[in-house]
There are 2 protein chains.
Amino acid sequence: MIVTIDFNSNEAIYIQLRNQIIMGIANAQIHDGDNLPSVRELADNIGINMHTVNKAYTILKQEGYIKLDRRKGAVIALDYDKLRAIEEMKTDLRTILARAICKNINEEEIHEILTEVLNEFEG
Amino acid sequence: MIVTIDFNSNEAIYIQLRNQIIMGIANAQIHDGDNLPSVRELADNIGINMHTVNKAYTILKQEGYIKLDRRKGAVIALDYDKLRAIEEMKTDLRTILARAICKNINEEEIHEILTEVLNEFEG
DNA sequence: ATATTTGTTATACAGAAATTATAACAAAAT
DNA sequence: ATTTTGTTATAATTTCTGTATAACAAATAT
């Protein structure tokens with residue numbers, strides 16, 4: 001899995017990292033049980049500080065995507081707390097859909113766009 | 001329209017403000033042509049600095065939700081740049097949908113959740 | 001046994017972003 | 001003439017982000 005950081009983005013590096021790892025899982029590029037690089041290795045690889053990677057990993061653990069083990073390092077371990085995930089999804093969707101409504105994008109179009117973006121994912 | 005700021009949120013105040021105003025428009029609580037409070041009035045009202053409100057208004061103007069007029073103050077003025085709005089929506093959706101996929105929420109469920117959140121809006 | 005690798009924690013520093021505090025300006029309204 | 005509007009400027013403070021070192025405990029590898 002390739003990680004690309006945009007150092008000119010207004011999005012923090014550890015947020016970009018977290019999102020890309022989640023993308024990697026959703027795209028089936030990495031799977032449940034797979035090892036992630038160690039914080040030091042990934043930091044070296046990208047050219048950033050260890051603590052920035054550690055921050056991303058800590059969040060991913062807290063959000064139920066990985067487990068951190070002192071012997072095995074970071075391992076993909078998906079926790080399916082569906083109800084919680086759905087609530088968080090709704091919160092995120094509200095802002096996005098409010099914008100869509102303001103921009104005159106109708107319900108049918110929104111569903112079409114959703115389908116389109118969903119089809120970008122593999123697995 | 002009531003604006004509520006969560007001072008403990010990790011979301012910046014001016015971002016919360018922007019989102020809530022967009023929500024207000026989507027919910028038909030405020031309409032095209034309506035006046036928003038002046039930067040000073042709203043700042044006083046919420047208990048924050050004038051510049052924080054000004055930042056939110058400047059972004060809303062830049063994103064095509066309001067127009068700023070020295071005589072009339074801030075006025076809702078929706079600019080329907082649909083193509084641009086759709087592209088931005090897709091970008092935002094990618095992260096959200098990646099999370100949904102990781103949490104085993106399937107396509108049908110996602111569409112249902114979308115419909116559910118859309119029905120929260122009035123107008 | 002020893003050295004290495006793992007996540008974890010602590011501390012310190014620099015830079016950027018967010019927020020506040022004043023202040024002043026020009027244009028328009030009252 | 002006074003007030004209100006957005007706008008701009010400057011400075012200070014606080015918080016967030018990212019880096020730099022360093023050390024620790026547990027496990028692995030040699």
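Below, chains carry the letters A, B, ... as their sequence lines are ordered, and counting in each starts from 1. Here the structure is a predicted model, which is why all the values come from computation and not from measurement.
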- [ ] May I have the distance from A:Lys55 (atom NZ) to C:dA10 (atom P), rounded to whole angstrom?
- [x] 15 Å

Task: N or O in side chain of B:Ser38 less than 4.0 angstrom from D:dT4 OP1/OP2 - done: no

Task: B:Leu68 CG - C:dA28 C1' separation (whole Å) - done: 15 Å

- [ ] Remember a base hit wins even if backbone is also touched, and classify B:Asn10 as base, sugar-phosphate or nothing at under 4.0 Å, heavy atoms.
- [x] nothing

TODO: Would you kindly check whether a donor in the side chain of B:His51 faces an acceptor in the base of C:dT22, or vice versa, at under 3.5 angstrom?
DONE: yes

Open item on the list: Is there a side-chain contact between A:Thr52 and the phosphate of D:dT17, meaning an N or O under 4.0 Å from OP1 or OP2?
Closed with: no

Open item on the list: Rounded to whole Å, please give me the gap between CD1 in B:Ile59 and P in C:dA17.
Closed with: 13 Å

Open item on the list: Checking contacts here: which listed nucleotide (C:dG7, D:dG6, D:dT19) is nearest the side-chain heavy atoms of A:Asn49?
Closed with: D:dT19

Task: Phosphate contact (D:dT17 OP1 or OP2) by A:Tyr14 side-chain N/O below 4.0 Å - done: yes

- [ ] Give one of base, sugar-phosphate or nothing for A:Lys72, where a contact means two heavy atoms less than 4.0 Å apart.
- [x] nothing

Task: Along DNA chain C (nearest heavy atom to each residue), the more 5'-positioned of B:Phe7 and A:Asp69 - done: A:Asp69

Open item on the list: Once rounded to the nearest 0.5 Å, what's the spacing between atom CD1 of A:Ile86 and atom NZ of B:Lys103?
Closed with: 11.5 Å

Open item on the list: In whole Å, I'd like the distance from the CG atom of A:Leu36 to the P atom of C:dT6.
Closed with: 13 Å

- [ ] Starting from P on D:dG6, measure out to CD on B:Gln62 and report it in whole angstrom.
- [x] 18 Å

Task: Criterion side chain to side chain contact (heavy atoms under 4.5 Å, CB included) against A:Ile30, the qualifying member of A:Asn27, A:Asp34, A:Asp32 - done: A:Asp34

TODO: Calculate the interatomic distance between B:Asn54 atom CG and D:dT10 atom P; express it in whole Å.
DONE: 16 Å

- [ ] Please work out if A:Lys61 contacts a base, only the sugar-phosphate, or nothing of the nucleic acid, heavy-atom cut-off 4.0 Å.
- [x] sugar-phosphate

Open item on the list: Between the side chains of B:Glu63 and B:Arg18, is the shortest nitrogen-to-carboxylate-oxygen separation below 4.0 Å, so that they form an ion pair?
Closed with: yes

Open item on the list: Under 3.5 Å, is there any donor-acceptor pair linking the side chain of A:Arg40 to the base of C:dT8?
Closed with: yes

Task: Spacing of A:Met50 atom CE relative to C:dT8 atom C1', expressed in whole Å - done: 8 Å

Open item on the list: Using whole Å, what does the distance between atom C1' of nucleotide C:dA17 and atom CD of B:Glu11 come to?
Closed with: 15 Å

TODO: Please determine, for the side chain of B:Ala12, which listed nucleotide (C:dG7, D:dG18, C:dA18) has the closest atom?
DONE: C:dA18

Task: Contact check, side chains of B:Asp92 and A:Asp92, non-hydrogen atoms, under 4.5 Å - done: no

Open item on the list: Using a 3.5 Å distance criterion without hydrogens, assess whether the side chain of A:Glu109 forms a donor-acceptor pair with backbone atoms of A:Asn106.
Closed with: yes

